[in-house]
Amino acid sequence: GFPINHVTAEVHYPPKTGIIRQYAYQTNQTKQEYLPDKPFEFFILVHRRMVHALAVFLIIVTVGIYDRMGSVSLLPAMKDSGLMIDMLDVGQGECILIRTPLRKTILIDGGSSSRDKVGKYVIIPALKYYGVKRIDYMLVTHMDKDHNSGLLELFMEKYPVENVLVTDAGKDDPPWQPFCHTAAETGSEVIRVSRGDVLLSGEVTLTCLHPQAGYQPEERNDNSMVMHLSYRSFDMLFTGDIGEEGEKTLISYVKDRRHS
């Protein structure tokens with residue numbers, strides 16, 4: 001397998017409200033509920049709130065991590081999480097960000113057919129927000145624009161990507177060749193995977209279930225990389241744009257594996 005590092009499991013959406021805004025909202029609610037009648041008591045209350053707000057601001061400044069990309073990330077310092085899985089909003093497309101407790105990062109796809117420059121304006125800002133300085137494994141399920149347009153932008157913006165995983169079955173498909181060439185030119189190692197290959201990380205496995213080496217379907221989407229993430233009782237399946245023929249092949253394989 002290809003080694004990454006240890007993970008635990010949690011699935012969530014990125015927060016839409018900053019810490020300072022949340023604190024201000026809570027303070028306003030408290031004022032409305034507990035606003036005293038006497039002016040002197042009101043002064044003391046406001047004074048205390050100002051001190052509290054200043055304390056929160058100093059804590060944020062203290063724990064904020066200023067990375068080399070010039071962004072401040074609060075979340076990694078505020079919370080030591082397990083496996084984090086985020087579905088980024090790229091419009092008509094797909095982009096899935098997986099982060100491990102030891103700050104290893106896996107990006108599955110990243111493209112859109114309804115928005116321009118999602119790499120520059122969605123994916124990279126999200127990576128900066130979470131304090132991600134590099135992508136350890138970029139998994140590209142297939143070569144449709146709505147799954148890879150933003151990934152090309154990451155290469156153009158020189159965002160560090162250690163490894164790029166592509167399907168071995170689709171290596172002769174013309175769109176793969178310039179993509180893999182661009183990835184290699186920017187310093188990424190291109191790794192071809194097929195059914196049975198596994199990314200191992202302690203109790204976590206990310207297994208390629210499809211396609212098998214040499215698979216040649218009629219529809220290009222049926223060559224989509226399908227990955228199964230498993231951790232204890234938590235499972236998640238990433239299917240790309242696999243179609244009917246690919247699904248039948250996948251189901252047949254899974255049934256055979258269960259009975260073997």
Side-chain angles (χ1 to χ4, degrees), residues 1-2 11 85-98 106-115 118-119 123 135 137-155 161 163-184 188-200 204-230 234-260:
F2 309 103
V11 182
I85 301 175
D86 297 276
M87 288 70 172
L88 303 187
D89 183 7
V90 292
Q92 179 59 46
E94 177 175 280
C95 185
I96 301 170
L97 174 64
I98 302 172
I106 302 168
L107 189 68
I108 301 180
D109 287 340
S112 176
S113 59
S114 63
R115 296 184 186 178
V118 291
I123 302 174
I135 297 168
Y137 290 90
M138 175 188 285
L139 279 59
V140 189
T141 62
H142 63 299
M143 276 290 103
D144 282 354
K145 177 183 177 181
D146 59 343
H147 286 254
N148 67 57
S149 63
L151 303 181
L152 290 170
E153 294 167 32
L154 263 63
F155 294 135
V161 179
N163 303 281
V164 177
L165 275 61
V166 301
T167 61
D168 183 69
K171 63 184 177 183
D172 297 325
D173 194 8
W176 280 107
Q177 297 169 14
F179 183 92
C180 293
H181 179 73
T182 301
S188 302
E189 181 178 356
V190 179
I191 302 172
R192 299 192 180 277
V193 299
S194 58
R195 175 185 291 171
D197 289 331
V198 180
L199 291 171
L200 295 173
V204 175
T205 60
L206 194 59
T207 306
C208 180
L209 299 181
H210 182 84
Q212 69 268 38
Y215 181 65
Q216 295 183 342
E218 293 184 8
E219 297 292 332
R220 177 183 292 173
N221 281 351
D222 284 316
N223 245 336
S224 292
M225 181 190 300
V226 177
M227 302 295 289
H228 171 224
L229 185 149
S230 177
F234 175 79
D235 294 88
M236 193 164 186
L237 192 65
F238 306 96
T239 61
D241 274 345
I242 192 173
E244 183 177 357
E245 179 185 342
E247 287 177 354
K248 289 179 179 179
T249 302
L250 174 63
I251 292 170
S252 177
Y253 166 68
V254 172
K255 284 182 178 179
D256 291 343
R257 197 169 75 159
R258 283 183 176 178
H259 290 94
S260 62

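- Inter-residue side-chain proximity for N163 and V161 is flagged as unmet; no heavy-atom pair is nearer than 4.5 Å.
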Audit row: R258, V254, side chain to side chain contact (heavy atoms under 4.5 Å, CB included) steps and yes/no: CA-CA 6 Å; R258 283 183 176 178; V254 172; 4.1 Å; yes
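- Surrounding CD of E219 are at most 12 heavy atoms belonging to other residues, nucleotides or ligands under 6.0 Å away.
- Using a 4.5 Å heavy-atom threshold, the side chains of V140 and L165 count as separate.
- You'll find the side chain of L152 stays beyond 4.5 Å of the side chain of L154, heavy atoms only.
- By the neighbour-count criterion of 12 heavy atoms within 6.0 Å, atom CD of E244 is sparsely surrounded, having that number or fewer from other residues, nucleotides or ligands.
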Go through the steps for H210 and Y215 under the test ring pair (Phe, Tyr, Trp, His ring centres under 6.0 Å), then give the verdict. CA-CA 9 Å; H210 182 84; Y215 181 65; 5.0 Å; yes
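- Using a 4.5 Å heavy-atom cutoff, the side chains of L229 and I98 are in contact.
- G150 and V118 get closest at one heavy-atom pair: CA-CG2, 3.9 Å.
- Checking side-chain atoms of S188 against main-chain N and O of A184 turns up no donor-acceptor pair under 3.5 Å.
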Show your reasoning for whether side chain to side chain contact (heavy atoms under 4.5 Å, CB included) applies to Q212 and T249. CA-CA 10 Å; Q212 69 268 38; T249 302; 4.0 Å; yes
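- At a threshold of 4.5 Å between non-hydrogen side-chain atoms, the residues F234 and M236 count as touching.
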Side chain to side chain contact (heavy atoms under 4.5 Å, CB included) between I96 and L139: does it pass, once the steps are laid out? CA-CA 10 Å; I96 301 170; L139 279 59; over 6 Å; no
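- Side-chain contact between R192 and T167: absent, with no pair of heavy atoms (C-beta onward) separated by less than 4.5 Å.
- V190 and A183 get closest at one heavy-atom pair: CG2-CB, 4.1 Å.
- Checked by atom type and distance alone, the side chain of S113 never pairs as donor or acceptor with a backbone atom of D146 at under 3.5 Å.
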Hey, mind stepping through L237 and D235 against side chain to side chain contact (heavy atoms under 4.5 Å, CB included) and telling me if it holds? CA-CA 7 Å; L237 192 65; D235 294 88; over 6 Å; no
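- Taking the side chain as every heavy atom from C-beta outward, L209 and M227 never approach each other to under 4.5 Å.
- S112 and V90 make their closest contact through OG-O, 2.6 Å (heavy atoms, listed as atom of the first residue, atom of the second, distance).
- Judged purely by atom type and a 3.5 angstrom limit, H147 has no side-chain atom pairing as donor or acceptor with the backbone of M143.
- In summary, D89 and R115 engage in a salt bridge, as defined by a charged side-chain N under 4.0 Å from a carboxylate O.
- Defined by atom type and a distance below 3.5 Å, a donor-acceptor pair is present between the side-chain atoms of D109 and T141.
- Between L206 and Y137, every side-chain heavy-atom pair lies at or beyond the 4.5 Å cut-off.
- Annotation for P175 and R220: closest pair CG-NH1, 3.9 Å, computed over non-hydrogen atoms.
- In plain terms, the two heavy atoms of W176 and V166 that are nearest each other are CZ3-CG1, 3.1 Å.
- No hydrogens or angles considered: nothing links the side chains of N223 and H142 as a donor-acceptor pair under 3.5 Å.
- Closest approach of S149 and G111 over heavy atoms only: OG-CA, 3.4 Å.
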